[in-house]
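Below: one structure, written as structure tokens.
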Amino acid sequence: MGLALTERRPSPSGTTLLSCDGSSDQCAFNMTASTRPLTEQLSPDADGIARAVGLLADGRLVAFPTETVYGLGADGRSGRAVAALYAAKGRPAFNPLIAHVPDLEAASVEGRFGDDAMRLAEVFWPGPLTLVVPCRDKGRVCDLARAGLNTIGLRAPAHHLARAILKGCGFPVVAPSANLSGRISPTEANDVLCDLDGRIDAVVMGDRTEVGLESTIVSCLGDGPRLLRPG
Ligand code: AMP
Ligand code: MG
């Protein structure tokens, strides 16, 4: 049949595919499946940041380090990108996503910060604290990312790569942990690849994350701050 095998690599579904020299119909089928691009590994520098920003702006999925764990980023404005993120993680769409922004000014475009939320943000941002506040009417984070709620979870992470990506994007980036739903949150780029290689478009290959635990979540909805999750 003239089937010359040239390489083995995992497919997006995790099974091993064979590619070949294209000299039969069977080969043509395998070539199509096996040439599907795998996850790009981006350098943790200006080039990698620029590529990550470009991909995110194009509605693609990019994992990057924060000071807590690696997050899987998507354009929070885009229902299509957010739907792809839920699918890549296997995360139920009724579990709302945290939107990441560079600072309080950007967060205030998306949510309404009362006195409590303002004070917490001023003290703990940038850092591993998520604040749940009422959504602004003109907030850009799509309904799907908020699971239809009229509240929004916002965080300004401290990690220099996350901050550079968020500043470059200029739009809110939803970023749950970059693992399959139900698995352990990744603290290294290689952990991300173990779970999501071929399921997402890129990962910024930064260092091991410092904290290793998800952000603390505090709700500030007018009835005093309430701890929703210790981080
Ligand atoms: P994570 O699983 O780390 O992505 O964190 C998501 C969690 O943040 C959700 O399960 C909620 O507890 C909280 N959260 C995110 N967005 C909202 C929101 N709009 N309203 C209330 N809680 C939220
Ligand atoms: Mg998680």
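Every value quoted in this text rests on a predicted model; they were computed, and no experiment measured them. Numbers here simply count residues along the sequence, with the first being 1. Both ligands and their constituent atoms are indexed starting at 1 by order of listing. Keep in mind that the numbers below use all heavy atoms, side chains included, and drop hydrogens, waters and symmetry copies.
The closest donor-acceptor contact from the side chain of Arg199 to the backbone of Lys89 lies at 3.5 Å or more, if one exists at all.
Contact annotation: the side chain of Cys142 never approaches that of Ser78 to less than 4.5 Å [non-hydrogen atoms, C-beta and beyond].
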Pairs under 3.5 Å, nitrogen or oxygen of ligand 1 with protein nitrogen or oxygen:
{"from": "ligand 1", "atom 1": "2 (O)", "to": "Arg91", "atom 2": "NH1", "distance (Å)": "3.3"}
{"from": "ligand 1", "atom 1": "3 (O)", "to": "Arg229", "atom 2": "NH1", "distance (Å)": "3.0"}
{"from": "ligand 1", "atom 1": "3 (O)", "to": "Arg229", "atom 2": "NH2", "distance (Å)": "3.3"}
{"from": "ligand 1", "atom 1": "4 (O)", "to": "Arg91", "atom 2": "NH1", "distance (Å)": "3.3"}
{"from": "ligand 1", "atom 1": "4 (O)", "to": "Arg91", "atom 2": "NH2", "distance (Å)": "3.3"}
{"from": "ligand 1", "atom 1": "10 (O)", "to": "Asn95", "atom 2": "OD1", "distance (Å)": "2.6"}
{"from": "ligand 1", "atom 1": "19 (N)", "to": "Thr151", "atom 2": "O", "distance (Å)": "2.9"}
{"from": "ligand 1", "atom 1": "19 (N)", "to": "Thr151", "atom 2": "OG1", "distance (Å)": "3.3"}
{"from": "ligand 1", "atom 1": "20 (N)", "to": "Thr151", "atom 2": "OG1", "distance (Å)": "2.8"}

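Surrounding CZ of Arg80 are at most 12 heavy atoms belonging to other residues, nucleotides or ligands under 6.0 Å away. Residue Ile184 qualifies as open at atom CD1: its count of foreign heavy atoms under 6.0 Å is 12 or below. No more than 12 heavy-atom neighbours from other residues, nucleotides or ligands sit within 6.0 angstrom of CG on Asp115. Within 6.0 Å of the CG atom in Asp207, the count of heavy atoms belonging to other residues, nucleotides or ligands does not exceed 12. The number of heavy-atom neighbours closer than 6.0 Å to CD of Glu210, taken from other residues, nucleotides and ligands shown, is 12 or below.
Using a cutoff of 4.0 Å between basic side-chain nitrogens and carboxylate oxygens, Arg51 and Glu40 are scored as salt-bridged.
Note on the Mg ion (ligand 2): protein N/O/S atoms under 2.8 Å are Ser177 OG.
There is no side-chain donor-acceptor pair under 3.5 Å between Thr68 and Ser215.
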